[in-house]
Structures are given as structure tokens and as C-alpha cells.
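Report on the structure given below.
A, B, ... follow the sequence lines: proteins, then strands. Residue 1 opens every chain.
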Amino acid sequence: MENPILSVRNLVVEIPTRHGILRPVDNVSYDIHAGEILGVVGESGAGKSMTGNAVIGLLTRPAHIKSGEIFLSGQPIHSLQGDALRRLRGKRMGMIFQDPLTSLNPLLTVGEQLTETIMEHLDVSYAQALDRAVAALDEVGIPAARARINSYPHEFSGGMRQRVVIALALCAEPELVIADEPTTALDVSVQAQIIALLKRLCRERGVAVMLVTHDMGVIAEAADRVAVMYAGRLAELGPVRDVILDADHPYTAGLMASTPLASQGQKRLRQIPGSMPRLGQLPTGCAFSPRCEFAQDKCKQDPGPTREACNGRAACWFPLSSNAKQEATQ
Amino acid sequence: MNSIVKVENLDRVFDVSKPWLNRVLERQPKAYLKAVTDVSFEIERNSVYALVGESGSGKSTIGKIVVGLLGKSGGRVEINGVDLETETDSAKVDAVRADIQMIFQDPYASLNPRWRVRDIIAEPVAALGGKTEGLAERLLEQVGLSAADASKFPHEFSGGQRQRICIARALASEPKMIVCDEPTSALDVSVQSQVLNLMSDLREEFGLTYLFISHDLTVVHHMADKIGVLYLGRLVEEAPRDVLFDTPKHPYTKMLFEAAPRMDGFGREVEPPKGEIPDAINPPSGCAFHPRCPLATDLCKREQPQMRRIGDARVACHMVE
């Protein structure tokens, strides 16, 4: 297999607080290959956005990378600072944020924002940058791009704004795009348009995409592989079909079973008792053990399981056997 | 008839004009946004009626009008045969007000941070001068929290627990009907299932009726008995759950179902829907969906389709047989 575009190894992000050190990302490792969409799912506070921010260097103090390595096409980027990081961001890594209104500058036209980004990263004249900007808007499906390039963000609808944000993330032809909940603020019909667009761009350009979302349906349709996060740790990582239909980790299985599936009708939903622990109050051992019906003594001991230690898809000492799986989903 | 809520030809128009001086200087006419137009439906006792639609379809506006948080511009809303806006007998009005409660979307914004949980939950009863002793404690246990939580403040609870407090507050006045406006949209999946199960249990225990407002089709499919689909302020289709999900008739309903992401849709390539919801201030002529509709004809551009009964469903479309 060719070398991955993004390679994250044992990443640890820490936030020192008055009440001790919190670890919103704890020992996370994964790869994303060219032309691949890696879905990252988890509930709020699971550390999925924090992982994306750490990769693109957008962690805000006091959060910082404590240890671990991040490689972009083989080049270490976890220790880059200042100008070196700025040259990388936008050029080789693009970011799509959740809320398209707050991620665009309301005082600049769409064209100004696009040409600014293009001229910052590529060695082109203004006229060439403008042509590229029009082409970028055209590619993301904005009708009459040449005319709309002088419009301000507020003149676009929500879906069109998110297209502009995607054009902005892609205009310098990055190798990696991090999409943090790109469709959460959008309606279902517009969401389908944006997901189709992301998939097409990923396929045509061979961009590696990290798709952060909490919507399992979006993951199922868009992602090639999926990483499930729980309390800052990677619970399970594998091909999307296997993880959704045949989860190894009890948390993943519970998550799937608690999603109201259209085919399930009005049966009672399966529920996972309790809620995700706060970062300051993590149990020792496996973070999921207090809510896990299969937990045994080994699960509650220090340290919690990692995927490497468990030698499998899931970070679980007792990955679900096929019998347990049937029980868990009934 | 055994219906608890009866909505007839409901209209709601918002005046979104610029201030008077701007209008005069810029020579602009007044601008009106028709949030809800000619919506009629009935909710049977002890059933769950869901309203689905995308943003701007008027689903929350209808919910607020039904509980009386918002006035209407035209039409009738009857709860237990009483129209809150025209009823003059104050005893009847008070009785109906206690009969209908609401659960809001954001449990972080709908609980007063300076009040103790006990006072929050007892408020609907206290406001009508009822006895509140021990009420909050009893309700907290019914929604799966502990009686000791009554003396805590809202910030001590997680999102799912807060939504349980909101449900306890809604139950305090022993209502017959609860309007739930996106009750689980702000919650995580594993917590959402807890809250949905709780709502189903309470419905059976107290014989409640829900008006369930949501944009999430899987949640609606799980909860609702009957579903109304809204588009740009109008009801375009209404049918019992299984009829709607098995044989959607209106092209908008079909588009919505097709576009919704599915858990089993691995690598599914959907033809993404065309266009977006039009501007509600200047809606398209005729059927509001015609610019995006694959079946649209000249008739659709000219004439607004009326609701027609087709089998078990009601559909507002010229082209559907």
C-alpha cells in the first residue's frame, strides 16, 4: 500500500486546568490515504473536533500537543510553529468548519477571500487568481460563478455558503481536507448535496478527507473507514460496513442499536445507561467500563485498552463475539 | 370526534418590513413573510402526530401557535373544543392551558439558571395557584432522576438530564397534550434514545398526546402515528406512519426520504436534490415546490394544489393520482 497522506501516531492533547490536567485526545493513532474519506464519529466531548484541530494546528492555548507525532505525506508537522505552519495550512491542508456563516469574513466579498487565499499560497497574478477563484466556485456547483464572485457571504443561502467554504478549503489544492461537522447546520436536502460534492471532489482530486460528524447516516454513506471515539480515546477503527453492521466494541454496538433505524419500526430503542464521563472524572481502565454490560475486572484496571494492545479493530479486551453481538443489537 | 387538537385553515404572517422611514426613502412596499398558510390537521387523543420539514417550513411556528405562545393571523385552533384566542370563559381557558404543555429544543436555554430544579418543575402548578408540595420530587423520580436533585441548579446536570427536567416540568400540571419542538436535536445519540424511550413510557402511563416537531426522519418514524410533511408553510402530505414511509406520494416527500442519510446506505450514490427552499417572502407562484419538482407542469406554476384525500393519505399535488 502506498504511503498515507496523513499519519497520526499516539497523539496526546492536554489541557492543564486548575483541577488537574485533562486529556481530550488520548493516545490516538490513525492513517488516511489519498482519495479516502475517514469518518470520525463520537458524542459531544469525545475529542473528535480536538483531533482535527490538533492536526491542522488550530489548538488554542492552553490546549497543546503533549506527545505523539503527526506526519503529512511523511513530513513531521506536529512541532511546526508560526510561519512554517501558516504556509502549510490552507496550502496543503484545508479546513471546512461547521457553521458557514461564522467561518467566512462578512466584510469581504467571496472573490476577495478566495483570491487572497490563492495568492498567499500559489505564485500567480491577481488575474490568474481570479480565474482560479471562479473555477473553484464553478466546481463546487455555484451557478453563475463569474457574477456571484463579487457577492458578500450574507447574500448566499446556507448551502451555498458551505459550498463557498469548501471552495476556499480546496482552492490551493491541498492534499488533506478536514471537514468538521460540515453538514450539521444544514437541512437534509442541502446536506445530501454537500455530501455528494465532498465525495466527488475526494474521488476526482485524490484528496484525503477527515470527516468529523456525529451523524452515523452521513458516515455510512460517505466514509470508507470510520474511527469511533469515546472520551478522547479511539474505541474502534475499521472499514465502515464492518464497524456499523458488525461492531467489535460494545460502545459502537450500543451506539448503533440506540439509533432509531427506519427498519426497526416502533420497537423500544436500546439505550446505553448513563452518559459519557467528564474528562476530569474518567474511570481507571477502560473509559467505557462503567456503562458496559460486558465489563469484567480486567476492564477496570489501569491502563485502559488500546487498539494496539488488543491487537484488533476495537480497543477492547473482550471484543464482542458473534453471540454477544446478536444479544447487544436485540 | 375523538380529536384533542383541531387546526383549521391556520395562517400566520410575519411583518418583516424595514422601518417606516427606510421604506419611504427607498420606496419599498411592506414585506410579509407567510410562515404558515392554510394548514389543517387534527390530532387524535393518545396519539403522536409529527410535523416534519426543513428549516423555514413553519413547523415550530405551528407548535407555538398551538400552545398559545404565538398569535395566529387566521383560521382556528381548538384544544378540547376551546379556542384560546376567542374563548371568554376564563375557567375554561385556565383548564385548557393546564392541559397543554411544551418541551423545547435546547435544554440549556429553556431552564432558568438561577432557579432551583424544584421551583422550575413546580412553576406550571404554582402559577395556577395549585399545591406544589413534594410534586417536584415525585416527578423527578418519574423521569429517571432522583428526588435529591430537586434542590440542585440546572448547571449541575448534563444535556440529557436537563431534558428530563424539562419533561418533568411539562408533566407538572398533569397535561393531556405536550408539544415537543425538536426535543432531542440537541442531544447525543445514546442520550436521545434514553429520552425517546422515556417519552414513550410516559405517553402510555399518563395517556398523553404528543405533537412532535422534528426534522429527523428516523426519529419521526420511530415515534409518530401520523405524520404531516410541511414545505414552505403549507402541509403537502399527511398520512399514517407506515403509509407515508412505504408509499410517499408527494414529490417533496419522496425527495426528502431519498436525501436523508441512511445507516445502511454504504457508498450510496444519491442523485442530490435540486435547488433549495425558496424565499418565503417571495414564494414561487402556484405550487411552491414546482421549481424543484421533477413532475412540474404549467398547471403547477399557475395554480396552488389543494389537499386531496388519496387512500389513507392527504396530498397537495396536481400530479399525484
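Contact count against chain A (heavy-atom pairs under 4.5 Å) is highest for B/Asp201 among B/Asp201, B/Leu217, B/Leu256. In terms of heavy-atom pairs under 4.5 Å with chain B, the best-connected choice from A/Ser258, A/Ser157, A/Gly159 is A/Ser258. Interface remark: of the candidates A/Glu221, A/Glu43, A/Arg241, A/Glu221 forms the most heavy-atom pairs closer than 4.5 Å to chain B. Among the candidates A/Ala223, A/Gly217, A/Gly141, the residue making the largest number of heavy-atom pairs closer than 4.5 Å to chain B is A/Gly217. The candidate with the highest count of non-hydrogen atom pairs below 4.5 Å against chain B, out of A/Pro143, A/Ala196, A/Ala222, A/Ala192, is A/Ala192. The greatest number of non-hydrogen atom pairs below 4.5 Å with chain B, out of A/Ile272, A/Val188, A/Leu186, is found for A/Val188.
You'll find the side chain of B/Ser193 stays beyond 4.5 Å of the side chain of A/Arg270, heavy atoms only. Using a 4.5 Å heavy-atom threshold, the side chains of A/Asp215 and B/Pro261 count as touching.
If you check the side chains of A/Gln271 and B/Ser190, you find no donor sitting under 3.5 Å from an acceptor. Donor-acceptor pairing under 3.5 Å is lacking for the side chains of B/Ser158 and A/Arg278.
For B/Ser200, no part lies near chain A; criterion is any non-hydrogen pair under 4.5 Å. Both the backbone and the side chain of A/Met160 come within contact range of chain B, each with at least one heavy atom under 4.5 Å from a heavy atom of that chain. No part of B/Leu187 comes within reach of chain A, as not one of its non-hydrogen atoms sits under 4.5 angstrom from that chain.
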> Could you go step by step and tell me if B/His215 and A/Asp187 meet the side chain to side chain contact (heavy atoms under 4.5 Å, CB included) rule?
Replying inline: CA-CA 8 Å; B/His215 68 276; A/Asp187 279 317; 5.6 Å; no

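Counting non-hydrogen atoms of other residues, nucleotides and ligands closer than 6.0 Å to NZ of B/Lys249 gives a total above 12. By the 6.0 Å contact criterion, NZ on B/Lys64 is open, its count of non-hydrogen atoms from other residues, nucleotides or ligands being 12 or less.
For the atom pair CD of B/Gln192 and CG of A/Leu269, the computed distance is 8.0 Å after rounding to the nearest 0.5 Å.
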